[in-house]
Every structure is written in C-alpha cells, then in structure tokens.
Amino acid sequence: MIDVSTYLVADLATIDDGDPAAIVAAAVEGGVTAIQIRGKHLADGDLLRVVDACAEAIAGRAVLLINDRVDVFLAARAAGMHVDGVHVGQGDEPVEDVRERVGPRAIVGLSASTGDEITRARTLSPGTVDYLGVGAVRATPTKPDAPEPLGWDGFARATQTAGALPCVAIGGVGVGDAADAIAAGAAGIAVVRAICRAADPEHAARELHHEWQRAAHPVPNVLTIAGSDPSGGAGIQADLKTIQATGGYGMAAIAALTIQNTQGVAGVHVPPAAFLGEQLAALDADVRIDAVKIGMLADATVIDVVADWLAARRESTPVVLDPVMIATSGHRLLDAAAEAALTRLVGLADVITPNLPELAVLVGEPEAREWPEALAQAQRLAARHEVLVYAKGGHLPGDRSPDALVGSAGVLAAFDGTRIDTASTHGTGCSLSSAIASIRAGDRTALADDVRWAWSARLAREWLRGAIAAADGLEVGSDGGHGPVDHAYALRAGIAPPRRDAELDAWWEDISELRAAIVSDSFVTQLADGSLDAARFAEYLRQDAIYLEAYAHLLARAAVVAPTRAERRFWEASAASCRETEMELHRAHGATEARTPSREAAAYLAHLERAAATGDHGVLVAALLPCFGLYDDIGRDLAAANRADHPYRDWLDTYGSDEFARDTRAAIAWVQQAARRAPGARLRLMRRAFVQSAEHERAFFAQGE
Ligand SMILES: Nc1ncnc2c1ncn2[C@@H]1O[C@H](COP(=O)(O)OP(=O)(O)O)[C@@H](O)[C@H]1O
Ligand SMILES: Cc1ncc(COP(=O)(O)O)c(N)n1
Ligand SMILES: [Mg+2]
C-alpha cells in the first residue's frame, strides 16, 4: 500500500522562481512520503526536465507522481526516470482510461471532493485507483475555484464510503491538523504552500512528518508495579528505562525497596500496602493506562492489594506479570508465604514470565533440567490459569538461550539463540517483561490476541538481546557481580524503537528453508567442526575477499541514496568496516593470487549491481541485508563452535562478534523503515531482491562442493 501520510504537491506555479528539485530534495530529507509534481502551465518538454531533476533528487526515497499529464509520465518512464505514477482530477480523461495507459504497476491517484465522487471511485474495478485526494478541507488560495470546503466533519462523512481506498486530506491543511485528520479517517495530509513557500522546506516537512507520526503512533502509557533497585539495573529503574526505550511513557508505583547493587540484595523494606493501593487509585482516577507490568511484590499483603486493584478495573488492560521470587544473584525477593498469594495474581494476568525456578514453584513440580520439560510445565501452568506463559531458558546450562511463549495448547512461538557471553544479566527478567508490556501497548493492529502477544514477545526478546550484547560497554559495579544491561543501546546507535513489522518477518519466513539448508550444508558443518579442507577454505576466502570488495562499494552506494543523515552514516560505516575485513582477509590469505570471481560470486555480485541500478534505495538495502542477517545468524552458531585450537578460529570470531550483531540489527531496522515507506509494487521488488540475495548466499557457501 502506498504511503501518502505526508504528501507534498510541488506546484511549480507556487514555487515560481524557486528550484523545484531543491525543494523536493529538502522535503524528502524532512520525511515527506509522496510527492506530486504539478506544472499546469508548462509545456511537455519543460515539465519533463523538471520531473527528471526531481526524480534524481528523490532517488526513490518517496513516491513521485505527476499531476494530470499522463503523456509526460509515459515519456519520463520511457526515458528511465524514476517516476511512480500520476494523479488526475475528475475533469480530465476517465480514470479507467488513465489506468489502461499507465499499466497495472503505476500508481494512480484521483481527486474527489464529494461523497458521490468517492462512491463512484469505490465502485471502479479494483486496482483502478490507488488513493484519493479529498478536499478541500478548508478554503485555499491555490485553488480559488474549488467548491465549498468540507471541514473535518465533511471529510469524515464524504470518505465513509471509500472503503479500503486511502484518502489524503488536501486544501488548507498542515501542521496542527494530524490528530483531526486521523480522527476523520485520513491516510495522510497533502500540503502545497506550507512546504513550497517555506523559508526552510526541510524543517517544514519534518514538522509535518513528525506530527503525523506522533498522531498515528500515540505514545502508550505503561505502568510498572515493582520493587526499587537503587543500582538501576533491575526493578522499577530497569522497567522505566525499558518502557522508554521501547516507545512507551513509563509510570511506576513502588511496591518494595531493596538494598541492592550488582553483587546482590542485602535487605528489603516493604512500605505499607495500603499506601500502594492509594498510589494505584490516584493513577486510575487520572491517567489512561495502556498496559501494566508487575514485578517484585515482596509479600502476600502487597499481592492482595494489587490483585484487588486489577480485579476491580473496568478497562481490560494488557497485564504482564513477572513472578519475581528469586533475583539473578540468587536472593529471595518474595517471602515463602506469599507464593500461594501469587497464584491469584497469575489468574489476573495475560502473560507471565517465570524463569525456570519460578516456573517450577508455580506449577508445583521440581525444576526442569531440560528445555522440553520446561515447555511441558509451562503448558500445564497455562492451562491451569488460562494465561500465556513466556518460559525463559536463561538458567539452563549450555550455550543456547531458548525462550518460548506457551499457551494451553502448546508452544505459540519458540525463540532460540546462542547465549550471549557476559555476566551482565542483572535485570534481564525485569527488562524483558516490561518490554513485552510496552511493545504490546503500542501495537495498534487488530490481530488476534495470541498473535499480538507473540509479536510483542518476539520484538521484546530481540530488543533485550541487543541490550545484553551491549551490556559490557557500561561500567557499573565491581568485579564478581552481575552488571546491568544497556537499556539505551538503540538510542546510542540511532535505531528506532521496536514496533511490530509483519512485512520483514514474512521475508525471513521466505528464506527460513534457505537458512536451514546453509547451516546443514557441508561447508558450514565442516567449518564448524574444523574438518573443512584447507584448500576449499582458502578458495572460499579468496572469493569472499572479491565479494567484499564489491560489497563495500555497494554499501557506499546505499549511503549515497539513504534518506536520512543517520542512515547514511550507518551505511558509510558499514562500507568502511567491510573494507577493513576484506583487507584483513586479503592480507592473511594471499594478496598475490589472481582474483577471478567464481561463477557463484559473479552471479551474486551481478544481482546486487542490478539492485543498485534500479536507483531505488529500498531495493538496494533489501538486497544487501541477507549478507548481514545470514552471517549474523550462521556466524553466531559458528562462533559458538569456536575453540582455542580451532583451525579457523580468527574467521569464526569476526562474525560472532557483538559489533557485527549490533550492525545487523541496525541494518534490519533501516530496511524495515524503508519497507514501511515503500508502495506495494516497490515492496514486492524489495522482497524479491532480498530473497534472491539469500539464494545467492547459499550458492556462495556451497561453491566448490
Ligand atoms: N546470557 C544470555 N544471553 C542471551 N539471553 C539471555 C542471557 N541471559 C538471560 N537471557 C535472556 O534474558 C531473559 C531473562 O531470562 P532469565 O535469566 O531466565 O530470567 P530471570 O532474569 O528472571 O532470572 C530471557 O529472555 C533470557 O533468554
Ligand atoms: C527490585 C528488584 N526486582 C526484581 C529483581 C529481579 O532481577 P532479574 O530481572 O535479574 O531477575 C531484582 N533483582 N530487584
Ligand atoms: Mg527474574
């Protein structure tokens, strides 16, 4: 679906003697998602030149449409310019004819200003029109001949019949209107003068874009009821940091205080439970609560207060309960008598997140030694209390760290990954449960509850693993303890908060078999156990050096077309580190050898070159992503198999590193953002480019077999 949320009509008459390409470039930099070039008074040739300059300036970062002039669009497309479609009015040729001429892939927008026109557009055969421009909402100087303005009420009434057709509000709208526009059902806001005539078009675009984003993704209010950890790694402090990092507004009612540092818990003080009850009542009287996370509650009286409060709430707020009994350091955080009281609370939660010892206590069985046993316990617990159980394998021995979301019918979502090698896991349980609550609170989809919890859990775990991987970068606490995770790692790296993104997940599903195949191919299995033939490995490295040299160039090209400075910096840095790795490989493994690419390397590089040649930023970064994602995935498994006397030790280390994991996450986040901006046809291209790269990855690994 085309993103028309921030839509610029670049009206050449309004721009007058300004530079359209410069304005359009600034608008895109500010976050505009769609641009329409309107040059009613221009001859075809002159308009085509402006379109050319604008297409170059936009470089695929926003949808580019041409107003009315279907011939100019066709000429632009024939000349290889990056144009996406046309926007036509009611007075021009019938829109069915326009669709016929531009073909099925181009985007066609249609102006409509009355309920009748919208109803008629709706009854056209599907795929004729991609979106409607509906207005004028208010009277405007750029369209003096327009009929009576609609106002927001009129807009809402008129667009009621539009069905799934996105309606962009136009006419006298701009900054300050996003909330009303969304309430009226608009898919976006279109402006003319607000950007074309702005002293600083980039700033004007950014203001508009940010306001729309804020209104479309309101910040959820997330409450944690938990204990305080003065060292800031666990409890209330961890919860607030997590909620903020995952896009929520954090609130906290303190149920207990601990004397605690990274070495352990030295004491617990429980304030009067009635006082906690009053805090909760005060919040209820004043604040909309979008999700609740419950942590350390210390004793039965406190648990009862919280359970009473939850039971009496009229709104059905998502509740995540971390049944905290024992801290990572091994200290009891809940007195034994209170364990029974917890059972009542479990029944009031949607999801509970026990670690293995807590799971055992809740289900009344000995602690699980093996993961399948833990899953069976989780299922029994889920069935008994009608809750979802997020079982955590953090306490299992071995080098894996499995988790799973389990319902009464069994596992809903299984997560597996290597254990991150760090002692800094203080507060991981607290952080995970508040991340699930916070991400779930921000999920505005209308999917089934189980699906939404599974997504929130998946994103929360992904986010937490980033925080654990970055933990050793902090300097908190002395030797021998458990340091905190870095809740702010994504902020430091300029990565947006996690939000559910079914699109990217579908891509990974597309390549899941390829991933499995790569892992079981002889190259990877033999590389892992060290039995790989040295000559085959050397040839692989030579090919890898050739590949990486070209890949670094392509990363640099991604930087050039990146829509924001932060993203540009990311691809530039990736290009630089890729070049270093390549040189390193080259130095270590025969710089003097002839460098002829293998058939597999040549094919892979040709595919990437083609992706770059589309000029589309999204397609290029999608094609570049498997090289990050698959290596991170497989590289971690290989790194886990590493040992001091492993013949390929250095190589295995590179891809298992935390820096590489961090870069991979950032790359995924940027591709995710590009996917969100991409219209349907472009999104399909991105996905195809991504899958094809994964296929080339497999062939590359298998070469010389
Ligand atoms: N070393 C690690 N590497 C990766 N993930 C970890 C590690 N330690 C804990 N986790 C994750 O942190 C979360 C908390 O797990 P766990 O330690 O089992 O619970 P708790 O902190 O409540 O005792 C889980 O999602 C678990 O998978
Ligand atoms: C106040 C408080 N609440 C909870 C925990 C559990 O810590 P973890 O998340 O490591 O299990 C803690 N250590 N302190
Ligand atoms: Mg815990």
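Start at 1 and go down the list; that is how both ligands and their atoms are numbered. When a residue number appears, it is its place in the shown sequence, counting from 1.
Close N/O approach between Asn355 and ligand 1 is found [any backbone or side-chain N/O within under 3.5 Å]. Below 3.5 Å of separation, one finds no N or O of Ile468 facing any N or O of ligand 1. For the pair Gly429 and ligand 2, the shortest N or O to N or O distance falls below 3.5 Å. Inclusion of Thr418 in the set of residues having an N or O under 3.5 Å from an N or O of ligand 1 is not warranted. The distance criterion of under 3.5 Å between nitrogen or oxygen atoms is met by Thr428 with respect to ligand 1. For ligand 1, the polar-atom distance check against Asp403 finds a nitrogen or oxygen pair separated by under 3.5 Å. Remark: ligand 2 and Met296 share no N or O pair separated by less than 3.5 Å (distance only, no angle test).
If you number the atoms of ligand 1 from 1 as listed, the ones under 4.0 Å from a heavy atom of Arg461 come out as 27 (O). Under a 4.0 Å criterion applied to the non-hydrogen atoms of Gly227, ligand 2 contributes the atoms 1 (C). Atoms of ligand 1 lying under 4.0 Å from at least one heavy atom of Gly394, given by number and element, are 16 (P), 17 (O), 18 (O).
For the 3.5 Å distance criterion, the side chains of Thr224 and Lys293 fail to qualify, holding no donor opposite an acceptor. Residues Arg452 and Ser456 bring no donor and acceptor atom of their side chains to less than 3.5 Å of each other. Between the side chains of Gln237 and Ser228, at least one donor N or O sits under 3.5 Å from an acceptor N or O.
Judged by a 6.0 Å distance limit and a 45° cone about the ring axis, Arg458 is positioned over the six-membered ring of Trp455.
For Ala226, the heavy-atom gap to ligand 2 stays at 4.0 angstrom or more.
In summary, the aromatic rings of Phe700 and Phe523 are positioned with their centroids too far apart to meet the 6.0 Å limit. Taking the six-membered ring wherever Trp is involved, the centroid distance between the rings of Phe628 and Trp670 does not fall below 6.0 Å.
Taking CG of Asp322 as the reference point, atom OH of Tyr390 lies at 11.5 Å (rounded to 0.5 Å). Of the inter-residue distances, the one linking Ile436 atom CD1 with Ile439 atom CD1 reads 8.0 Å to the nearest 0.5 angstrom. One distance of note links CE of Met251 with CG of Leu283; it measures 6.0 Å at 0.5 Å rounding.
The heavy atom nearest to atom 8 (N) of ligand 1, considering only Thr425, Leu396, Leu359, Val324, is found in Thr425. In this comparison of Leu432, Leu464, Val485, the heavy atom closest to atom 12 (O) of ligand 1 sits on Leu464. Comparing heavy-atom distances from atom 2 (C) of ligand 2 across Gly264, Gly235, Ser231, Pro230 singles out Gly235 as nearest.
Residue-level proximity to ligand 2 for His482 is absent, since no heavy atom of it falls below 4.0 angstrom. The part of Ser228 lying near ligand 2 is the backbone, judged by heavy-atom distances below 4.0 Å. Contacts between Cys430 and ligand 2, counted as non-hydrogen atom pairs separated by less than 4.0 Å, involve both the backbone and the side chain.
Atom OH of Tyr249 is surrounded by 12 or fewer heavy atoms from other residues, nucleotides or ligands within 6.0 Å. No more than 12 heavy atoms of other residues, nucleotides or ligands shown are found within 6.0 angstrom of CD on Glu513.
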